[in-house]
Amino acid sequence: MSINAPPDVTIYREHPIKILRYSAKNLWLLIFPLLRSLRFYPFSLQNLIDWGAGTWFDLLIALLILGIGTLRWQSCIYYFDEVSIHSQSGLLLQKGTEIPLERITCTVEEHSFYLRPIRAVRLQISTASGAVPEADMKLILYLRDLHHMRQHIPVLQNDSSKAVAYHTPAWRVLLFSALFSSSFSGALYIAALFFEGGRITSDLLEQFQAQQLLEDATERASSAFHGVPRIAITIGIVILSLWLISFGRNLLRYARFRIRFGSQFISVHMGILTRRRYHLRDSAIVFPDLRQNLIMKICGMVSLHIRCPGYGSRRDTLPVLIPLVRKRSSQALLQKLHAAQILKNPRMIARSNLRFFWSFVWPPVIGLCAILPVRFLLLRLLPEFDSMIRFFSVMLVIPLVWLLLIRIVSLMTQYVTMDGETVQFHFSRWFTFHTITVQRSHIVRADFKQTPLQKQYGVGHLYLVCNGPRQQRFKLTALPEQAARTIIAALIQA
């Protein structure tokens, strides 16, 4: 392999643990059968020889897989100077990546519990290119090499001499983990494990007898909840288990949260098992996003999220900057991000009119109205599932009523305001309220859409699209047509 690097720079290689990363998926297919055959033997030299004689071919394949992984690791190098960082990989087809230091928007250090004993760390480097979904460069380094890299790359420097600007108390992390956990997130995490692990995850579930545990839990719950169908109890246990997985994952990720604000960079530390350090360039933050659910809105609490290339870019990760804070205390944090909680001298304010409440409440109202006829139809067609149909029809009412309450509150609180430089809009998306403050230059598209009935009454939906690694569209429901078109004209002039 040829190394295309200047002669006066130091060449680095990643940590040898990367060999297992290259070999893991294929190697695990052999390790489980080998371990299953090994556990039936009492430990003795002769039995170990007999085991090796029966599995020599599998062992040879495992060594071959490790050998290929070693060659791939040997072909990966990286180096850096005062201007850029370079990486090179590939055996037959070599791939090189160069990132100018001034273009780095976010770096992520992951100090996993299994990497810390061997003095290794995972580093991800992101830019605003948007070409790569997660990170532009991924490396597994020796910890000493990371310390050396910090001396040359400003965004990696910790500013450890500065005071911690914000530290999240433990009870707020618990509350945040509970409020932002969902069974859907837990299901996504389990699906990702199956997708990435494949047979490995299936073998682990078989080893722990997951199906038998679920059947035992259903049997015990059935004795406590008389009259509830067993299938409903099983589904309830699965939903609760997925929520607990999401809750535990959020708790492990966001515990020990603290943040430092530097002159140009923001440093965020979080995590228990995997300790993560995010280093953000504050000028790369597209906009802050204050998020609330209905309970948080009643209690006057907000969660501060941001849109920054590389930060929270994975779909299973929230781009949270402050997990939970009082709304009145968020102003000082927003000022550090060069954003305002409330625009003091807005040129324009557009609110939804209460007369057009149907544009807000029609999804949950139609859902609630549809439950009764669907339930009646299913009872006529499937009378043998009477109790199960009645149970699920009641369970569907709860989220629909909750969504109806959120849409009613959104009707009264949604508005968009704008001054000479900034646009701020308050709206809801499903079960979450958002307050986004964005520079007018970051809005790349604005659309106004109407149904024939809305056109008759002079209202419509305003859609704003902000730039970033993934363009995202935000919907403002049932705004007056004149105000919405005035906003679009002002954005075009900007």
Side-chain angles (χ1 to χ4, degrees), residues 103 105-106 126-131 133 266 280-292 302-313 318-321 330-331 333-352 359-360 410 413-430 432-450 454 458-494:
R103 299 299 182 186
T105 60
C106 174
S126 300
T127 68
S129 64
I266 301 173
L280 316 174
R281 190 182 299 272
D282 60 359
S283 60
I285 296 176
V286 181
F287 59 78
D289 179 7
L290 293 176
R291 298 187 185 183
Q292 299 172 292
V302 297
S303 178
L304 176 57
H305 297 230
I306 61 172
R307 181 77 175 273
C308 180
Y311 186 71
S313 57
L318 294 172
V320 56
L321 191 65
S330 63
Q331 179 62 36
L333 297 169
L334 288 172
Q335 289 176 352
K336 293 181 180 295
L337 300 176
H338 313 292
Q341 187 180 53
I342 299 176
L343 300 186
K344 294 183 179 179
N345 299 307
R347 296 182 180 178
M348 186 183 308
I349 299 178
R351 296 181 180 273
S352 299
S359 297
F360 286 83
S410 180
T413 59
Q414 178 189 271
Y415 68 91
V416 56
T417 181
M418 184 171 60
D419 61 15
E421 298 180 354
T422 308
V423 179
Q424 186 176 84
F425 39 100
H426 305 249
F427 66 102
S428 69
R429 175 178 287 177
W430 289 105
T432 305
F433 297 93
H434 297 260
T435 300
I436 293 177
T437 305
V438 59
Q439 296 293 319
R440 291 169 63 169
S441 58
H442 287 158
I443 298 179
V444 298
R445 181 176 175 179
D447 297 319
F448 184 72
K449 297 184 178 182
Q450 295 174 296
Q454 289 175 336
V459 298
H461 305 317
L462 177 63
Y463 296 87
L464 299 177
V465 181
C466 298
N467 65 357
R470 287 195 303 265
Q471 290 188 355
Q472 193 170 4
R473 189 172 72 164
F474 304 103
K475 177 183 177 182
L476 296 162
T477 304
L479 290 180
E481 180 178 2
Q482 183 177 358
R485 294 195 182 279
T486 304
I487 291 173
I488 293 175
L491 291 174
I492 292 175
Q493 292 176 1

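Predicted model, so just to flag it, every value in this text is computed and none were measured.
By the salt bridge (Lys or Arg N to Asp or Glu O under 4.0 Å) test, Arg445 is found to be paired with Asp447, residues two or more places apart in sequence or in another chain being considered. Evaluation of the ring pair (Phe, Tyr, Trp, His ring centres under 6.0 Å) rule for His461 yields no partner, not counting sequence neighbours. Taking Ser410 as the reference, Ser428 meet the side chain to side chain donor-acceptor pair (under 3.5 Å) condition, with sequence neighbours excluded. With sequence neighbours left out, Arg291 forms a salt bridge (Lys or Arg N to Asp or Glu O under 4.0 Å) with Asp289. Ser352 pairs by the side-chain contact (heavy atoms from CB on, under 4.5 Å) definition with Phe360, Gln414, Leu479, not counting sequence neighbours. A search for salt bridge (Lys or Arg N to Asp or Glu O under 4.0 Å) contacts involving Arg485 returns Glu481, not counting sequence neighbours.
Within the 4.5 Å cutoff, the side chain of Ile285 has heavy atoms near those of the Ile266 side chain. Under the 4.5 Å side-chain criterion, counting only non-hydrogen atoms from C-beta, His426 is not in contact with Val416. Side-chain contact check for Thr435 versus Val302: every heavy-atom pair is 4.5 Å or farther apart. Phe425 is listed as a side-chain neighbour of Val438, based on a closest heavy-atom distance under 4.5 Å. You'll find the side chain of Gln450 stays beyond 4.5 Å of the side chain of Val459, heavy atoms only. You'll find the side chain of Leu304 stays beyond 4.5 Å of the side chain of Ser330, heavy atoms only.
In summary, the side chains of His305 and Ser303 do present a donor paired with an acceptor at a separation below 3.5 Å, with no hydrogens or angles considered.
Atoms NE2 and CG, from His442 and Asn467 in turn, are 5.5 Å apart once rounded to the nearest 0.5 Å. Rounded to the nearest 0.5 angstrom, Ile487 CD1 and Phe448 CZ are separated by 10.0 Å. Atoms CD and NZ, on Gln454 and Lys449 in that order, are 12.0 Å from each other to the nearest 0.5 Å. Taken from OG1 in Thr422 to CD1 in Ile436, the straight-line distance is 13.5 Å, to the nearest 0.5 Å.
Not a single donor-acceptor pair under 3.5 Å links the side chain of Arg351 to the backbone N or O of Pro480.
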